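Below, chain A is the first sequence line, B the second, and so on; all start at residue 1. Only a predicted model underlies this, so the values are computations on that prediction, with no experimental measurement involved.
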2 protein chains.
Amino acid sequence: MATKSVSKAGSAAEPIAVSGEKRAATAADSAIDKVTDAIIQGIRSGVFVPGQHLLEPDLTRRLGISRGSLREALKHLAAAGIVTLNRYRGAYIGILGRKSVLDLLDTLEPLARLAARLAAGNCVSPADQKRMQTAANMIEAAGRGGNRAQYMEDRRHFYDTMIDLGGNRELERVIPLSRTDLFRAQVERVQSETQRQRHVSGYGKIAKAIIGQDADAADRAVKRHFDGTRKTMEELPEDAFPQEDF
Amino acid sequence: MATKSVSKAGSAAEPIAVSGEKRAATAADSAIDKVTDAIIQGIRSGVFVPGQHLLEPDLTRRLGISRGSLREALKHLAAAGIVTLNRYRGAYIGILGRKSVLDLLDTLEPLARLAARLAAGNCVSPADQKRMQTAANMIEAAGRGGNRAQYMEDRRHFYDTMIDLGGNRELERVIPLSRTDLFRAQVERVQSETQRQRHVSGYGKIAKAIIGQDADAADRAVKRHFDGTRKTMEELPEDAFPQEDF
DNA sequence: CCGTCAACATTGTTTGACGATTTCGTGTGA
DNA sequence: TCACACGAAATCGTCAAACAATGTTGACGG
């Protein structure tokens, strides 16, 4: 394992992962993939703002699909925590208050640490080491460049690489990466440059530990990374977190 | 928090959790809840066997709903990992090989330990302590009784209680409890009585540590519980794990 | 026995419709 | 002026029927 991330034949677990990391919503995708890609990309690029109301008639027109397919896709996105569904009131882009963000970090941290430990234990071949290094380089370049959508996609790619190296297929199903896109979309525009750099540099340290096949060091690097993120959260002003009223 | 598990007004996060633990698919539920309840209950009771093919025309007739609603529900269940969808080939009840089970345990363990630590830190009021004790008693009674469906439901209730006490709302979204129902459904019929008793007694020890508000002890109790489960898995014969071909 | 191809079965998607519920503007009365 | 009831519009939940795309099965010929 840990050579290619594609599964056997577009098989079972694939459509579960909400994303679609590599393919950019090409033509031959199913209708629901078109929706999920469009919405995730919309969140990353800022077209969709957390809390925004998604109207079915509007989306069906813009995406050129039927209402039934759209509703299936929204169910899918809701299960991933990207949108919330209110009966008779429609779908909203998810929104995270300060407590939700901290809860999310607490939940994500042990999973990320597990992923890092597993990746460190399996990162033996030079090819795998190169993959990990490349992922770290990409995220650092995008982090300096300032392209928000690109940065979020590279961040996700970094996690995907780490998870894939680890070889635990349940992990990729469980880790709430799509939900962190949401929280990044809220935070990215209000954090300072120092905070951003602190965050970016964390990935490089994690990659270094994984490439060195030092599971304990990787674990510690992830822990420090999350500690830093929590610190950033505490430093942010209150108005960075819209109240999650709905 | 940690007093009642119901959310404000049947609000956003509720339909995400695939379950429906307490209400038994009453009338006024939405169509998709009817499907999810029926399928989960079917898995617990043995009506649906892991790997079974779910035919849309059959299910629409048996549940008395339209195909559109059924497909939305199947998307929902697929996102939770309970069924797998193969394009143009339909939906199948999920199936877990030995590696998938071990991966699932590795993923679930750190989340369960986090939940236990949080619960221990918040289990202060006598009401909360009673809730936890009751959940442990229920699971032990069902474990001795031998009613498989009841045991699986009580096991889930135990986790739900623990998560609710902890107060981390992301945790309940992420923890793959429904998927463990699947794995329990496969394992329950082939494990020995000693193995079963070992598993049942673990919950009582976890509850005791939580009620004693000893986070470290709760963490250790969960760890031991998972170590025991892994040991059981290794002891099981190979034919307990159908090959996950599809 | 094996490969080819056609008929069948099942899923993917669209369209249209109807009832249920929420939302919002409007008018009325105090 | 403000609070509240009422009705219209908007939106969602569900269903039904149809066609297209794909997988499956079995007959046929070699």
Could you tell me the separation between the [atom1] atom of [X] and the [atom2] atom of [N], rounded to a whole number of Å?
{"X": "B:K34", "N": "D:dG13", "atom1": "NZ", "atom2": "P", "value": "16 Å"}
{"X": "B:L54", "N": "C:dT11", "atom1": "CG", "atom2": "P", "value": "9 Å"}
{"X": "B:E56", "N": "C:dT11", "atom1": "CD", "atom2": "C1'", "value": "6 Å"}
{"X": "A:I32", "N": "C:dT13", "atom1": "CD1", "atom2": "P", "value": "8 Å"}
{"X": "B:E72", "N": "C:dT13", "atom1": "CD", "atom2": "C1'", "value": "13 Å"}
{"X": "B:I65", "N": "D:dA17", "atom1": "CD1", "atom2": "C1'", "value": "17 Å"}
{"X": "B:N86", "N": "C:dG12", "atom1": "CG", "atom2": "C1'", "value": "14 Å"}
{"X": "A:L70", "N": "C:dG12", "atom1": "CG", "atom2": "C1'", "value": "15 Å"}

Please tell me which of the listed nucleotides, [options], lies nearest to the side chain of [X]?
{"X": "B:R71", "options": "D:dC15, C:dT13, D:dC12", "answer": "C:dT13"}
{"X": "B:R87", "options": "C:dT13, D:dC12, D:dG13", "answer": "C:dT13"}
{"X": "A:S66", "options": "D:dG13, C:dT15, D:dT11", "answer": "C:dT15"}
{"X": "A:L55", "options": "C:dT13, C:dT11, D:dC12", "answer": "D:dC12"}
{"X": "B:R89", "options": "C:dT23, D:dT11, D:dG23", "answer": "D:dG23"}

Touch class at under 4.0 angstrom, heavy-atom based, for B:G90 against every strand present: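 The answer is sugar-phosphate, as B:G90 gets under 4.0 Å only of primed atoms, P, OP1 or OP2.
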B:Y151 six-ring centre to B:R184 NZ/CZ under 6.0 Å and within 45° of normal: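 No, B:R184 does not sit over the ring of B:Y151.
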Parallel, tilted or perpendicular: rings of A:H53 and A:Y92 (30°, 60°):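 Plane angle under 30°, so parallel.
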Any N/O donor-acceptor pair, A:R67 side-chain to D:dT14 base, under 3.5 Å: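 Indeed, a donor on one side and an acceptor on the other fall under 3.5 Å apart.
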5' precedence on DNA chain C between A:A31 and A:Y88 (nearest-nucleotide basis):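 Final value for this comparison: A:A31.
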side-chain contact (heavy atoms from CB on, under 4.5 Å) between A:M162 and A:H157, worked out: CA-CA 9 Å; A:M162 198 166 71; A:H157 176 65; over 6 Å; no
Distance, nearest 0.5 Å, that separates OG1 of A:T60 from CG of A:L70: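 That separation rounds to 6.5 Å.
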Short side-chain N/O contact from A:S69 to OP1 or OP2 of C:dG12, under 4.0 Å: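 No, outside the criterion.
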CA sep, side-chain torsions, deciding dist, call: B:R156, B:S178, side chain to side chain donor-acceptor pair (under 3.5 Å): CA-CA 8 Å; B:R156 179 172 198 127; B:S178 301; 3.2 Å; yes
